[in-house]
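Notes to accompany the following structure.
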Amino acid sequence: QITGTGIVNIALFGVDSRIDTFTGLSDSIIIASINKKTGSVKLTSFARDTQVDLEGFGIQKINAAYSKGGPELAIKTLNQNFKMNIQDYVTINMRQLINVIDVAGGVTIDITEDERISANGIMREISNKEPRIKKSGTVNLTGAQATAFCRIRHLDSDLYRMDRQKKVLEALFAKAKTLSVKKLAETVHTISPMVQTSMDNDDILKLSKVLTIDGAKIESLRFPHTNTKYQSSAATGWLIKYDLDEAADQLHKFVFDDIRPDLKQ
């Protein structure tokens, strides 16, 4: 992280626990970069199967860092492998994600017919009470529906699953940008018990107010986005291997210099 840039980087972790705990594998790993001067947000996500040298554990999937060492090791792993200096984090589990999205009044996103069918299948695991998604196209999803959408994997691949997760996060950030400062404060107060974080409410509120700056934009990027290589190991299962030094360089250019890498697929 570069000091003096006015950019705050926060690690966002989504753990696979379906009860009210914040433990387990971090199946969602995202760096939220908030520009305090412009209010713009950049969301960079990392494939959970990314191969890393995990301190104390050898070659592992990056999502193992959280389960083996909590947010401290997960943040350290991001910093070591992508040359960042992240200090703060926010963690949410699947059950609480439903509640957070519902507090926000749902999220409006575009979904395909195949995604609608897949999400409705996953809804059976999440809730028997929630209504199923009735149509594709531009729809407003409830917390349970959006969480099911985020968990779609077998339709295509985990990389597309990451894109769906980012789509929901982008919709949440976009909604936050439309709130008044008063409503934003009320929302932060309501949501704070639903997450585990290194920041207190005052820190979160100060940062949230930045989101109300006019003209602020939301951008996203994922790693890997190209040149991926899958390999299997008896110890770790499938791994995604890519050049982490190159990814770190692209990440820094994206976050600090506003330069996107060539996204040839």
Exercise. Is there a side-chain contact between Phe46 and Ile240 (heavy atoms, below 4.5 Å)?
Worked result: no
Exercise. Do Arg164 side-chain atoms and Ile152 backbone N/O form a donor-acceptor pair below 3.5 Å?
Worked result: yes
Problem set entry | Lys83 side chain near Leu251 side chain, heavy-atom distance below 4.5 Å | no
Exercise. Atom OG1 in Thr108, atom CG in Asn140: separation rounded to 0.5 Å?
Worked result: 3.5 Å
Problem set entry | side-chain contact (heavy atoms from CB on, under 4.5 Å) evaluation trace for Thr91 with Thr197 | CA-CA 6 Å; Thr91 301; Thr197 178; over 6 Å; no
Exercise. Any side-chain donor paired with an acceptor under 3.5 Å for Ser40 and Glu219?
Worked result: no
Problem set entry | Atom pair CD1/NE2 of Ile259 and His252 - distance to nearest 0.5 Å | 13.0 Å
Problem set entry | Transitive ILVMFWY side-chain link Ile213 to Val181, under 4.5 Å | no
Exercise. If you measure only the distance, is there a donor-acceptor pair under 3.5 Å linking the side chains of Glu55 and Gln80?
Worked result: yes
For this session: State, without any angle test, whether Gln96 and Asn99 hold a side-chain donor-acceptor pair at a distance under 3.5 Å.
Result: yes
For this session: Look at the aromatic rings of Phe13 and Tyr89 and report parallel, tilted or perpendicular, splitting at 30° and 60°.
Result: tilted
Exercise. Among Thr50, Leu78, Leu12, which residue meets the side-chain contact (heavy atoms from CB on, under 4.5 Å) test with Ile29?
Worked result: Leu78
Problem set entry | Glu170 vs Leu43 side-chain heavy atoms within contact, under 4.5 Å | yes
For this session: Would you check if Leu73 and Leu54 make a side-chain contact, meaning some heavy-atom pair closer than 4.5 Å?
Result: yes
Exercise. Heavy-atom distance under 4.5 Å between the side chains of Thr187 and Ser208, does that happen here?
Worked result: no
For this session: Only counting residues at least two apart or in another chain, list the ones meeting side-chain contact (heavy atoms from CB on, under 4.5 Å) with Asp214.
Result: none
Exercise. Any chance the side chains of Gln87 and Asn85 put a donor and an acceptor closer than 3.5 Å?
Worked result: yes
Exercise. Under a 4.5 Å side-chain heavy-atom rule over Ile, Leu, Val, Met, Phe, Trp and Tyr, are Phe173 and Ile101 clustered together?
Worked result: yes
Problem set entry | Ring-ring centroid check Phe223 His225, cutoff 6.0 Å | yes
Problem set entry | Tyr66-Thr77 side chain donor-acceptor pair, cut-off 3.5 Å | no
For this session: Would you kindly say whether Glu113 and Ser136 are connected by a side-chain donor-acceptor distance under 3.5 Å?
Result: yes
For this session: Indicate yes or no for a side-chain donor-acceptor contact from Gln145 to the backbone of Ala119 under 3.5 Å, with no hydrogens or angles considered.
Result: no
Problem set entry | Residue pair Asp88 / Ser198, side-chain donor-acceptor N/O under 3.5 Å | yes
Exercise. Would you say the side-chain atoms of Asn63 and Ser26 include a donor-acceptor pair closer than 3.5 Å?
Worked result: no
